[in-house]
Amino acid sequence: MPQDIYDKVMMLAKRRGFIYPSFEIYGGVAGFYDYGPLGSQLKNNVENLWRRFYLLKDNCIEINTPTITIYDVLEASGHVEEFTDLTVDCKKCKRSYKVEDIIDEDISVEQAVKKDEIKCPTCGKKLSDAHPVNLMFSTTIGIGEGRKAFLRPETAQGIFTNFHLLYRHNREKLPFGVIQVGKGYRNEISPRQGTLRQREFAMAEAEIFFDPNDKTHPNFNSIKEKELYLFDNDKEFKLTVQKAVDKKVINNQALAYYMYLTQDFLLTAGVDPKKFRFRKHASDELAHYATECWDVELFSERFGWIECVGIADRSAYDLSSHIDSSSTDMYAQRKFDEPKIINTKKIAAKMHVLGPLFKDKAGKVKDLLEKMDVKDATKISITLDGKTVDVPNKCYEIVETKEKLTGEKFVPHVIEPSCGIDRVLYFLLEHNYSDAKKKGEEYRILKLTSQMAPIKAGVFPLINDKKLVDIAKKIDNNLRNAGIATYYDDGGTIGRRYARMDEIGTPFCITVDHDTLKDNTVTVRERDTTKQERKDQDLLVEFLKDKTFF
RNA sequence: GCGGGUGUGGUGUAGCCUGGUAUCACAUAAGCUUGCCAAGUUUAUGACUCGGGUUCAAAUCCCGGCUCCCGCACCA
């Protein structure tokens with residue numbers, strides 16, 4: 001069977017310790033993967049590069065919240081509501097029904113569907129097999145009945161539920177961004193496509209909170225002339241960030257800014273620019289919380305264009321929901337340039353008159369009076385215990401007050417770049433995989449960027465001579481102590497050792513040879529060119545830090 | 001979840017129909033040899049997806065689970 005690039009990449013990934021199928025000794029289970037030694041390092045590098053963009057470049061703050069999330073939070077966020085129970089679909093009219101809505105409780109669902117006992121209520125055609133649709137993993141907290149909870153389907157809710165604390169932490173200034181990097185869980189019905197669709201996966205999410213009246217971004221000017229790679233469901237095209245906003249291709253500066261930041265991140269990480277594009281969600285494919293969403297799609301030779309990052313404008317959806325459900329004050333304050341003085345006229349009850357007149361009803365009358373509009377104050381009649389009663393003028397007066405308003409409350413809007421780390425990681429492997437024939441044999445190189453590569457340098461003695469071995473081991477040790485990941489190898493021929501390093505993407509190889517004994521230099525071989533250069537071994541730390549650190 | 005296909009050392013495979021000690025290559029480890037791009041050589045390690053059944057005997061035949069692949073559905 002001919003192997004496509006997916007097979008080749010996954011074989012390499014398994015053989016060299018990037019990705020293993022989880023629980024393999026028990027037969028494995030779809031949708032779960034382990035990261036091996038090199039995969040874990042690569043994942044760290046991807047996550048840390050992402051952090052560098054959001055935490056440092058964009059000055060966000062980072063938090064960590066539990067992966068187990070109580071029912072209330074996900075109910076408020078709409079995740080519980082969206083899907084429950086089994087559903088059946090009608091292939092004719094494309095409607096979906098909850099099974100419990102259309103069949104008797106006594107028969108099993110499968111039987112009912114198989115025996116054609118249930119038909120589509122709308123068009124009468126046969127229904128598809130029942131399938132479950134709530135994709136959240138559920139669990140309980142505590143023993144016994146416990147408290148209902150889910151494994152989080154996104155990290156975002158942990159940020160939203162802390163908004164009021166984080167807003168204060170940021171000294172009540174907008175905009176500001178909060179990131180979280182961690183695991184998310186979705187109980188996919190039938191995960192395929194390898195690590196591209198997992199049931200437990202790593203995600204890096206940023207929630208940036210904006211004043212809805214001001215969706216500009218402070219760094220916008222620095223990137224406005226950069227080009228975005230866009231796709232309008234018809235053709236691909238490039239547009240500068242500025243033009244995309246001006247032409248309303250992208251709704252606002254903030255969204256456009258984070259699109260560019262994401263593009264910059266992915267291309268820096270080593271995604272092939274020719275296999276990168278932003279695609280805008282059509283209105284009918286938007287998630288329940290989003291008003292506008294752009295996906296980064298990366299191209300896989302086997303799977304086609306795959307969503308890897310979603311950049312959504314979630315508007316005020318989540319914070320509003322949590323304000324309603326939890327009664328927590330999660331509003332932000334917008335200060336007016338100048339305080340607004342508002343003259344108001346109010347009806348003020350004169351209790352010393354009302355009291356004797358209405359006795360025990362006086363309190364009720366007062367409440368009613370003060371709720372009334374001043375315009376109606378010439379002649380007032382109220383409804384008291386079903387009877388209409390006139391209230392004499394002497395019972396109240398019109399009072400003028402001046403209120404000074406320095407600002408107003410509002411619910412911030414959220415821009416959310418949400419990055420699927422595992423997908424990005426897979427694409428780094430696929431986009432950077434190259435195999436060529438070398439003397440008739442397949443020769444594989446993983447052309448990871450120096451910053452992403454799990455191992456920065458291989459360190460070898462040219463031959464297995466103790467004098468050279470000792471120096472090589474010392475160099476290896478020095479580099480690792482300087483924070484540079486290395487791999488020492490003295491097995492097999494030098495060519496074989498280079499090949500082993502090329503296959504896992506190691507950008508540099510350092511070889512100690514006989515000349516090292518004379519002049520303290522070593523050869524530094526570059527992966528992609530295979531060119532060698534002699535360098536003084538004391539300069540290696542500086543050289544490698546310069547080439548491989550973020 | 002439905003239908004079809006599939007599964008043999010780390011990787012790729014032969015053997016399965018016709019039941020009887022599992023083939024070959026690469027990789028890995030140790031030694032010799034060589035000394036800047038997977039050379040040679042000797043030796044070693046290592047496999048029948050899992051569970052049942054039939055049989056004196058199962059990689060092989062039968063049943064079921066799981067993985068992966070293809071189609072449908074699903075992917076908020």
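Here is how names work: the chains are called A, B, and so on, in the same order as the sequence lines, proteins then strands, and each is numbered from 1. Here the structure is a predicted model, which means the values were calculated and not measured.
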Problem - Interatomic distance at P, B:U60 relative to B:U55, whole Å - result: 16 Å
Exercise for the section: Mind calculating the distance between CZ (A:Arg497) and C1' (B:U34) to the nearest angstrom? Expected result: 12 Å
Problem - N or O in side chain of A:Arg15 less than 4.0 angstrom from B:U28 OP1/OP2 - result: no
Completion exercise
Of A:Arg197 and A:Arg444, the one whose closest nucleotide on RNA chain B sits nearer the 5' end is A:Arg444
Problem - Between B:A76 (P) and A:Arg199 (CZ): distance, integer Å - result: 16 Å
Problem - Whole-angstrom distance between B:C17 and B:C62, as gauged at atom C1' - result: 15 Å
Handout entry: Atom pair distance, as rounded to whole Å: CD in A:Glu526 and P in B:C36
Key = 21 Å
Practice task
Would you state whether a donor and an acceptor, one from the side chain of A:Tyr26 and one from the base of B:C66, lie under 3.5 Å apart?
Solution key: no
Problem - A:Glu526/A:Lys531 salt bridge by N-O under 4.0 Å criterion - result: no
Practice task
In plain terms, say whether A:Arg15 and A:Glu503 are close enough for a salt bridge, that is, a side-chain N and a carboxylate O under 4.0 Å apart.
Solution key: yes
Practice task
Measure the distance from OH on A:Tyr20 to C1' on B:U67 and round it to the nearest whole Å.
Solution key: 18 Å
Handout entry: Distance in angstrom units between A:Tyr443 OH and B:C36 C1', rounded
Key = 11 Å
Handout entry: Test: A:Arg314 and A:Glu154 ion pair at under 4.0 Å
Key = yes
Problem - Pairwise P distance, B:A44 and B:G64 [rounded to whole Å] - result: 44 Å
Exercise for the section: Have a look at A:Pro153 and say if it touches a base, only the backbone sugar-phosphate, or nothing, with a 4.0 Å heavy-atom cut-off. Expected result: base
Problem - salt_bridge(A:Lys148, A:Glu75) N-O dist < 4.0 Å - result: no
Exercise for the section: May I ask you to decide whether A:Asp470 forms a salt bridge with A:Lys474, counting only side-chain N to carboxylate O separations under 4.0 Å? Expected result: no
Handout entry: Interatomic distance, A:Asp515 CG vs B:C36 C1' [rounded to whole Å]
Key = 12 Å
Exercise for the section: Please state the P separation for the pair B:G7 and B:G12 - nearest whole angstrom. Expected result: 12 Å
Practice task
Provide the distance between the two C1' atoms, one in B:U41 and one in B:U54, to the nearest whole Å.
Solution key: 49 Å
Completion exercise
In whole angstroms, the gap separating C1' of B:G35 from CZ of A:Phe460 amounts to 14 Å
Practice task
Would you mind classifying the nucleic acid contact of A:Asp513 as base, sugar-phosphate or nothing, using non-hydrogen atoms under 4.0 angstrom?
Solution key: base
Handout entry: Side-chain N or O of A:Thr493 closer than 4.0 Å to phosphate OP1/OP2 of B:U34
Key = no
Practice task
Could you give the distance separating B:U11 and B:A27 at their P atoms, to the nearest angstrom?
Solution key: 15 Å
Problem - Basic-acidic side-chain contact under 4.0 Å: A:Asp7, A:Arg302 - result: yes
Handout entry: Integer angstrom distance from the C1' of B:A30 to that of B:A14
Key = 29 Å
Problem - Check against salt bridge (charged side-chain N to carboxylate O under 4.0 Å, His left out), A:Asp515 and A:Lys518 - result: CA-CA 5 Å; A:Asp515 290 341; A:Lys518 293 181 215 149; 3.3 Å; yes
Fill in the blank from the handout: Encoded 5' to 3' (Watson-Crick or G-U under 3.5 Å; [ ] crossing; | other strand), RNA chain B becomes (((((.(..(((.......[...))).(((((.......)))))....(((((..]....)))))).)))))....
Practice task
Indicate, with a heavy-atom threshold strictly under 4.0 Å, whether A:Gln532 touches base, sugar-phosphate, or nothing.
Solution key: base
Practice task
Looking only at side-chain atoms of A:Glu503, point me to the closest of B:A76, B:U67, B:A38.
Solution key: B:A38
Problem - Nearest non-hydrogen partners of A:Asp34 and A:Pro21, listed with the distance - result: OD2-O, 4.2 Å
Handout entry: Sub-4.5 Å side-chain heavy-atom contact between A:Ile494 and A:Leu462
Key = yes
Handout entry: Any A:Arg496 side-chain N or O less than 4.0 Å from OP1/OP2 of B:A39
Key = yes
Exercise for the section: Look at all strands and tell whether A:Arg525 reaches a base, only sugar-phosphate, or nothing, counting heavy atoms closer than 4.0 Å. Expected result: base
Exercise for the section: Could you state the atom-to-atom distance from CG of A:Asp490 to C1' of B:A30 in whole Å? Expected result: 13 Å
Handout entry: A:Thr523 side-chain proximity, nearest of B:A38, B:C36, B:G35
Key = B:C36
Exercise for the section: Mind checking A:Arg302 for me? I need base, sugar-phosphate or nothing, with any heavy atom below 4.0 Å counting as a touch. Expected result: sugar-phosphate
Handout entry: Closest to side chain of A:Arg192, choosing from B:A76, B:G3, B:U11
Key = B:G3
Practice task
Would you tell me if any nitrogen or oxygen in the side chain of A:Lys14 comes within less than 4.0 Å of OP1 or OP2 on B:U11?
Solution key: yes
Practice task
Find which nucleotide of RNA chain B each of A:Gly28 and A:Glu24 is nearest to by heavy atoms, and output the residue with the more 5' nucleotide.
Solution key: A:Glu24
Problem - Integer angstrom distance from the C1' of B:A59 to that of B:C48 - result: 4 Å
Exercise for the section: Locate the shortest heavy-atom distance separating A:Ala312 from A:Leu255; write the atom from each residue and the value. Expected result: C-CD1, 4.3 Å
